[in-house]
Amino acid sequence: MGKDSLDLFGAPREVRVVPVMVPLPVAKPYSYVVPDGMHVEAGSIVQVPLGPRQVFGVVWAGESDDKVDPKKLKSITAAFDCHPLTKDMRSFLDWVASYTLSPPGLVARMALRAPAAFDPEPMIEGLRLTDQRPERQTPARLRVISLAEEAPAWTRSGLSHAAGVSTSVIDGLVAQGVFEPVFLPPPPVTALPDPDYGAAPLEGDQRDAADQLVAAVRSASFSVSLVDGVTGSGKTEVYFEAVAEALKLGRQVLILLPEIALTPAFLERFQDRFGAKPAEWHSDLAPRTREKVWRQVGEGQVRVVAGARSALFLPFDNLGLVIVDEEHDPAYKQEDRIFYNARDMAVVRGRIGQFPVVLVSATPSVESRVNADQGRYSHIHLRSRFGGAALPDLHLVDMRRHPPARGGFLSPVMLRAMEKTRERGEQSLLFLNRRGYAPLTLCRVCGHRFQCPNCSAWLVEHRFRGILQCHHCGHNEKTPDACPECGTLDHLAACGPGVERIAEEVEKSFPESRIIVLSSDLSGGVKRLRLELEAIAKGEADIVIGTQLVAKGHNFPNMTLVGIVDADIGLANGDPRAAERTFQLLSQVTGRAGRTGLKSHGLIQTYQPLHPVMQAIVSGDPEMFYEREIVEREKALMPPFGRLAAIIISADSRADAEAHARGLRQAAPPVSGISVLGPAEAPLALVRGRYRFRLLVHGRRGADMQGFVSTMIQNGPKERASLHVQIDIDPQSFL
DNA sequence: AGCACGCCGACT
DNA sequence: GTCGGCGTGCTC
């Protein structure tokens, strides 16, 4: 069915009109006319006029059922010669848009982030050997010719490089007709992974777990498995078997990873197993590579992608498995423009595409644990450590009983353990999740505290750089000599430790030790970080002091002592996930030790040795933590029934939502049970079914939100019901 | 996202 | 009297 228009002779003519999703915050696709002779189908990527400019878009269906004023209709400018987005991909984008309360156009835009990839890659120029032979045979020429006989075609630079001659030798042979130019298809971004390449024999738990995952892949139907086991229990080896099976079935695989810092080690492991590297996808890929990967993923030429959360929006042709490694990691949450948790969206992608999704973590998120406990996910638990590596033995250091020396932060117990480690010629790692020198500076005369002018956070002193910096907004100023309030000179006091300050203390106690400080303040970027990590692995440091940067999968064979400087950080900050985060971080960091045959130790400095997180960590029994945390979480999520409960979602930010909740509490004291959740987590809370009234307020402006909520309170249940119907998300739709 | 339109404050 | 601040609305 098309719209009538008039042809040149005034006769009515059928015109094909299709919906096109444009990358703007609009609620639905716009309709465009398909010009005569242009081929487009659902999923095609096109260029269309929009107002004064041209934009890219996706044809969203075979034809439009929208009644648009025909006078407004414009024609598609161009259709690109690249694979159309699959039906699954379009359904996925629609689903994400409705789940996250985002305009579908903006969600679709995430799938179009490589515009130059829409045009086919140009063929590359190559050379092929002919029957002609040169009149004058020189050694260089003979070498080139004999080498060239080994392959059907070469690139000019590839051949000169391989033969060890300059390109002028090749040019000379081309001129004599020994080589003829040919066009070669562009090379793939990576070689094909071979599922049988480095298959390692698995035993016991690992074998059983791998068998379960392989069976899930073979069934080619939707399922979610949570693979959980301590650091070093062989989770990666296990899920590699699932990857191998998907490859054997000819399907594509996506491995999501939270941090790009973890990738080099991961890529090597993958290569050892599959004989080739996976294609990488993350925000700082070179544009050229980015385009190649995008296109080759769409064509099905790339078989395995290892990427950050945005890889979920690559235009896979035949996706058959998604692995979410370190599934608990907060880096999976995107909290700007479109709010989503890639872990959950991966599950949805699997449901839509009818394939298995595997969530992997040594310390699963509480949500995933609950899903596993309730039978929505199957739970695969790996008990033993792979290759017989022993877990470190862990002890709490009660800081009330073993306080540090005045002005210091390290307990004598910790210093003694470091001394012994040094005597054995082994390495120590001190972990403190605080950048800089001191988190707060104050004036000892008038009590003035240095605060950020934009945020309300304290300014963190960075002594190496001589600045005070806000870790929220990045604001920074030079550290003054005098107090800006009372003018007193040299009476500013640093309060509390950061890694720089711990380094200072360690230098005093171990003047001859080689110390490396690792934090995101390290100048020189990722490259420098990798160099430092290599140096540590080679034993070029005795003591490493680091922030959570050191928690991610690097292995230091000689690192036999891990010391947590302040395990209590983060437990008191009011975040509903504080305990969970602390548990996960401490587990990860202590897991850094004990991967060698050497005996290894972990010392955890705390003022709260009886805190459930501390007890769970030293007991080595994660169940202790999860059982209690799930009960606590349910209590917290349970608003008092019979009163109004509201979930406030801000479309802008969690901070925004919090501000509005404060306003609401003041404006309407009888209202209780207001939970403030960021947009990425509120829908999950709904899944848990904890809320009696579900109110999702979605608005661009704060005033709208305040208005919505007030109206709802005044008008009572009827209004609530209508609001609910109007904008709620079906909680069951998640699975 | 851009871009135009429109309504109120401080200026040549 | 205008120039320009950014709030609001529109793009098939």
Side-chain angles (χ1 to χ4, degrees), chain A residues 1-7 12-80 84-85 90 93-94 96-98 100-118 283 287 290 294 310 313 315 334-340 454 650-653 656 659-660 663 679 697-708 727:
Chain A
M1 192 173 43
K3 312 267 182 233
D4 288 337
S5 72
L6 301 181
D7 68 14
R13 191 180 57 171
E14 281 281 289
V15 172
R16 185 171 167 220
V17 175
V18 292
V20 174
M21 195 67 89
V22 288
L24 309 180
V26 291
K28 58 185 179 57
Y30 284 169
S31 299
Y32 284 89
V33 171
V34 181
D36 276 345
M38 177 184 285
H39 170 79
V40 296
E41 58 190 291
S44 292
I45 294 176
V46 293
Q47 189 180 30
V48 291
L50 187 82
R53 63 222 154 97
Q54 296 281 326
V55 296
F56 299 120
V58 183
V59 176
W60 216 243
E63 58 185 53
S64 176
D65 51 8
D66 213 6
K67 305 274 173 291
V68 186
D69 179 359
K71 285 196 290 289
K72 286 172 89 176
L73 283 177
K74 293 181 182 173
S75 287
I76 296 176
T77 314
F80 292 97
L85 297 189
R90 283 174 283 128
L93 296 173
D94 273 334
V96 172
S98 82
T100 60
L101 307 175
S102 314
L106 283 191
V107 178
R109 199 174 68 139
M110 296 197 289
L112 299 178
R113 287 258 169 93
F118 304 158
S283 55
R290 189 179 191 78
W294 192 90
S310 59
F313 294 92
Q334 170 153 78
E335 295 193 299
D336 58 76
R337 286 179 241 274
I338 296 174
F339 297 75
Y340 67 93
N454 314 322
S650 165
D652 300 324
S653 71
D656 227 27
H660 293 301
V697 183
H698 175 58
R700 217 163 87 187
R701 286 163 209 91
D704 291 354
M705 186 172 298
Q706 191 77 52
F708 255 83
I727 51 182

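A note on names: the letters A, B, ... follow the listed sequences, proteins ahead of strands, and every chain is numbered from 1.
- Regarding A:Arg113, its CZ atom lies at a distance of 11 Å from the C1' atom of B:dA1, rounded to whole Å.
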Distance-only donor-acceptor pairs under 3.5 Å for side chains of residues 69-76 of chain A, two or more places apart:
residue	atom	partner	partner atom	Å
A:Asp69	OD1	A:Lys71	N	3.1
A:Lys74	NZ	A:Gly51	O	3.4

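- Contact annotation for A:Pro23: no contact, since no heavy-atom pair falls under 4.0 Å across all strands.
- At least one donor-acceptor pair under 3.5 Å links the side chain of A:Arg16 to the backbone N or O of A:Gly62.
- Across the protein-nucleic acid pair, A:Asp66 atom CG and C:dT11 atom P stand 13 Å apart, rounded to whole Å.
- Atoms CD (A:Gln47) and P (C:dT11) sit 20 Å apart, rounded to a whole Å.
- Rounded to whole Å, the distance from OH on A:Tyr30 to C1' on B:dA1 is 12 Å.
- A:Phe56 places its CZ atom 22 Å from the P atom of C:dT11, with the value rounded to the nearest Å.
- Taking atom CD on A:Glu63 and atom C1' on C:dC12, their separation rounds to 17 Å, with Å as the unit.
- Per the geometry, CD belonging to A:Gln54 stands 16 Å off C1' belonging to B:dA1, to the nearest Å.
- Among pairs with a residue in residues 22-77 of chain A, those fulfilling ring pair (Phe, Tyr, Trp, His ring centres under 6.0 Å) read A:Phe56-A:Phe80, A:Phe56-A:Phe118, at least two apart in sequence or across chains.
- Not a single side chain to side chain contact (heavy atoms under 4.5 Å, CB included) links A:Ser283 to another residue, sequence neighbours left out.
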Which atoms of nucleotides 2-5 of chain B (N or O only) lie under 3.5 Å from a protein N or O atom, and what are those distances?
residue	atom	partner	partner atom	Å
B:dG2	OP1	A:Arg53	NH1	3.3

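- Applying the salt bridge (Lys or Arg N to Asp or Glu O under 4.0 Å) test to every pair with at least one member in residues 44-57 of chain A, sequence neighbours left out, gives no pairs at all.
- Taking A:Ala79 as the reference, A:Met38, A:Val40, A:Val46 meet the side chain to side chain contact (heavy atoms under 4.5 Å, CB included) condition, with sequence neighbours excluded.
- In this entry the distance linking NZ of A:Lys72 with P of C:dT11 reads 4 Å, nearest Å.
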